[in-house]
Asks: 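Can you keep this structure in mind? I'll have questions shortly.
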There are 2 protein chains.
Amino acid sequence: MDRRRTEKNEEASAQGRPTLKTLAFMTGLGVTTVSRALKDAPEIGAETRRRVQLVAKQIGYRPNRAGVRLRTGRTNVISLVLNTDREIMSFVSDIIYGVSEVLAETPYHLIVTPYSRSQDPMEPIRYLVETGSADGVIISRTQPNDPRARYMLEHGMPFATHGRTDMGLVHPYHDFDNHAFASAAVRRLASMGRRRLALLSPPPGLTYYSHTLNGFADALSEVGASEIPFNTVSIDHTIEQIRMRTAQVMRRDVRPDGFVSSAAAATLAIVAGIEDAGLKLGRDVDVVSKQSSDLLHLFRRELLVVNENFRLAGSELARSVLGLIGGAAPGSLQSLVVAGDVQAFSPPVLV
Amino acid sequence: MDRRRTEKNEEASAQGRPTLKTLAFMTGLGVTTVSRALKDAPEIGAETRRRVQLVAKQIGYRPNRAGVRLRTGRTNVISLVLNTDREIMSFVSDIIYGVSEVLAETPYHLIVTPYSRSQDPMEPIRYLVETGSADGVIISRTQPNDPRARYMLEHGMPFATHGRTDMGLVHPYHDFDNHAFASAAVRRLASMGRRRLALLSPPPGLTYYSHTLNGFADALSEVGASEIPFNTVSIDHTIEQIRMRTAQVMRRDVRPDGFVSSAAAATLAIVAGIEDAGLKLGRDVDVVSKQSSDLLHLFRRELLVVNENFRLAGSELARSVLGLIGGAAPGSLQSLVVAGDVQAFSPPVLV
DNA sequence: TTGGCAATCTGTAACGTTTCAGTATATTGA
DNA sequence: TCAATATACTGAAACGTTACAGATTGCCAA
């Protein structure tokens, strides 16, 4: 008995990184007691609990993730699933930062799970669920009837979506009110006398495609303006495709005098196309665009912008998944950001 | 004996996800044999090996990461350490995709470890090393005397840096030849008759700051042009700061007639500042800028650009860390991308 | 026939954690 | 005084994997 103690001591003190065994030796307690003391279990004496926690803090004890994961199945990992070639650049960067910001105060790590054009979007989801590689998942490019959301719901994998679904199933989401954005954009253009409007929409299939379309259409009829069809391209197309298509439509007799664009990079292409056709922004045509960082006004000050905050989306999504994992009701973890005002260029204040 | 077998069977078949035990039962072999067979150990019979691997593939066996990690210490994780508020937007997005691309074919996961302005850059590194949370690390914003690189070298943590160090220590890196970029930019501007050049440099402190400065200075003296000091701002400053500072310097009697800019977003600010001062790009001043996606020519076609491929950087860095983990010599895992030509706008080919 | 030796295969222990089923000790009620 | 009970703690087992130290078998030389 004494002998075993001694062996244990040596093992414990020889270790590089402290484990429960180390703490057990230092406090003279059993491993079980230490484990329970660290998580404030009620059957541990108040003083013992304090003592263990003090020592743990002193020597910088951190639970071994592999040990916890093997024993409990909890990974302490949140996975952000991203499309490798269709995702908006600033979206990736900002949402990662937003998620990180929230996870930083928790034991959770962020792993990025990519999938590419060629792959089935379900593949990374199935992988995560089957291998139990994450405690929670965040997905983007959400569809009205999203097989990924359905699958995760069926398999009990906590998740949050960027964008809403429309399947009659309730789950956490964060969304930007694209209906409001498109309406506000149309109203603004109408107020400037623009009457023939074109919409560069999100890719059909995603939920916010119809939100945007509806907002656009609702406001069109409200203000009595008409639509110039522009639905052979979406913001998923390349800069070149959008540019060329814009130039084409602008060379027609009946051409748009206003554009609503759902993404900043696409807006650059639209403007380029407008100018390719020999027309001038602000004179012949106006453009309202969403943007996620304040760059469009540097590009052309005639542009009208509405800001969408992806970093906020990231934090909200992270908070939602954590909440869900923590047992909160999915319905209470949904947020919708109302679109801000359409903003014209305002010159920077010189200091 | 028979009884134990039976118990094992039941356990094995009741399981959701197959483990070595499941495979052992199905093949009638021992767990050890299965484990060894899966990794092509020589002391396993050729037929047994094939049989085990076949069954494993059939039932979709995937090693449990926690088990492996606990036993071996190998995490199968590569960590990308990013600064949350100073990193270039497209850099984050592209490098993540580049890394993912390479890791996708391996058992490795990518975890993003962020740190913010307020934090010591060493903190995430120490965390990773102390907790053994990753098998390899990728860092950016590399400094000539980089404490993170030194620390990881001392502690045997495999890593690769984006950018070189200058400490006489050899480690994997990937870098863009910023000396060549700055020289080429200066030569191009000189060839257009520009004589008073300003440089918007990377932040002082980073290794490629001096590379850029030296390339700029070397070419300046080579072509006999002069420098207009512009070192109160760097690409780490805000758009507004750069814009204002540019406007200031452009309103002076002796003002730059050429700019070299180390980042695309900063170039937008420079151009805005130039125009704030009532001057015209292409007439009064020319600007050569690095960019990582082909957007600057949409912005102003007078801009001259040099492309830097961050996605390539990501893949190269990932390949390097994996190589290092695999035992390759660090010196063989270094790559330097020569800067491409300075490119003027060329109109898109209409299809 | 025997010993030796490859060639294959196997059980046990350990990684660090949590859970289960306890065991001591002190405290209470009668 | 005794049993019952609450309090505070503990060892053993298990999660899935790999490394170590065997064990079994067949074959060949002597």
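Just so we're on the same page: letters track the sequence lines, and every chain starts at 1.
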Asks: Without decimals, in angstroms, what is the distance between B:L23 CG and C:dC9 C1'?
Replies: 16 Å
Asks: According to the side-chain hydrogen bond (donor to acceptor under 3.5 Å, both in side chains) rule, which pairs have a member within residues 147-156 of chain A, sequence neighbours left out?
Replies: A:N145-A:R150, A:D146-A:R148
Asks: Ignoring hydrogens and geometry beyond distance, is a side-chain donor-acceptor pair present between A:Q334 and A:D175 at under 3.5 Å?
Replies: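 There is no such pair (donor and acceptor under 3.5 Å, judged by atom type) between the side chains of A:Q334 and A:D175.
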Asks: Which of the following nucleotides, C:dT18, D:dT10, D:dT18, is nearest to the side chain of A:L29?
Replies: D:dT10
Asks: Can B:E130 and A:R62 be counted as an ion pair, charged N to O under 4.0 angstrom?
Replies: no
Asks: Measure from CZ on B:R49 to P on C:dA7 and round the result to the nearest Å.
Replies: 13 Å
Asks: What residues from residues 58-73 of chain A pass a heavy-atom cutoff of under 4.0 Å to DNA chain D?
Replies: A:L70, A:R71
Asks: Confirm from the modelled atom types if B:T48 and C:dT8 form a donor-acceptor pair under 3.5 Å, side chain to base only.
Replies: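 It does not, because no donor-acceptor pair links the side chain of B:T48 to the base of C:dT8 below 3.5 Å.
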Asks: Would you mind reading off the distance between B:L20 atom CG and C:dC15 atom P, rounded to a whole angstrom?
Replies: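 My rounded result for the distance is 19 Å.
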Asks: Pairing donors with acceptors under 3.5 angstrom, does anything connect the side chains of B:T142 and B:T165?
Replies: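 Side chains of B:T142 and B:T165: no pair found under 3.5 Å.
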Asks: Taking atom types as modelled, find out whether B:E87 and B:S140 have a side-chain donor-acceptor pair closer than 3.5 angstrom.
Replies: yes
Asks: Using OP1 and OP2 only, check whether a side-chain N or O of A:S35 sits under 4.0 Å from C:dT18.
Replies: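 So the side chain of A:S35 is within the cut-off, an N or O lying under 4.0 Å from OP1 or OP2 of C:dT18.
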Asks: What is the distance, rounded to the nearest whole Å, between atom CG of B:D40 and atom C1' of C:dT8?
Replies: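 It is 16 Å, rounded to the nearest whole Å.
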Asks: Do the charged groups of A:E47 and A:R50 touch, with an N to O distance under 4.0 Å?
Replies: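 Answer for the salt bridge query: no.
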Asks: The side chain of B:T19 lies closest to which of these nucleotides: D:dT10, D:dT17, D:dC20?
Replies: D:dT17
Asks: Using only side-chain N and O atoms of B:K39, determine if any of them is under 4.0 Å from OP1 or OP2 of D:dT18.
Replies: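 The answer is yes; a side-chain N or O of B:K39 sits under 4.0 Å from OP1 or OP2.
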Asks: Name the orientation class of the two ring planes belonging to B:H174 and B:H162 (parallel below 30°, tilted from 30 to 60°, perpendicular beyond 60°).
Replies: parallel
Asks: Starting from C1' on D:dC15, measure out to CZ on A:R74 and report it in whole angstrom.
Replies: 14 Å
Asks: Taking atom P of C:dG16 as reference, at what distance in whole Å does atom CZ of A:F25 sit?
Replies: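 Value for this atom pair: 16 Å.
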Asks: Once you round it to whole Å, what is the distance between C1' of C:dT18 and NZ of A:K21?
Replies: 16 Å
Asks: Does any N or O donor sit under 3.5 Å from an N or O acceptor when you compare the side chain of A:T33 with the base of D:dA8?
Replies: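 Between D:dA8 and A:T33, which were checked side chain against base, a qualifying N/O pair under 3.5 Å is absent.
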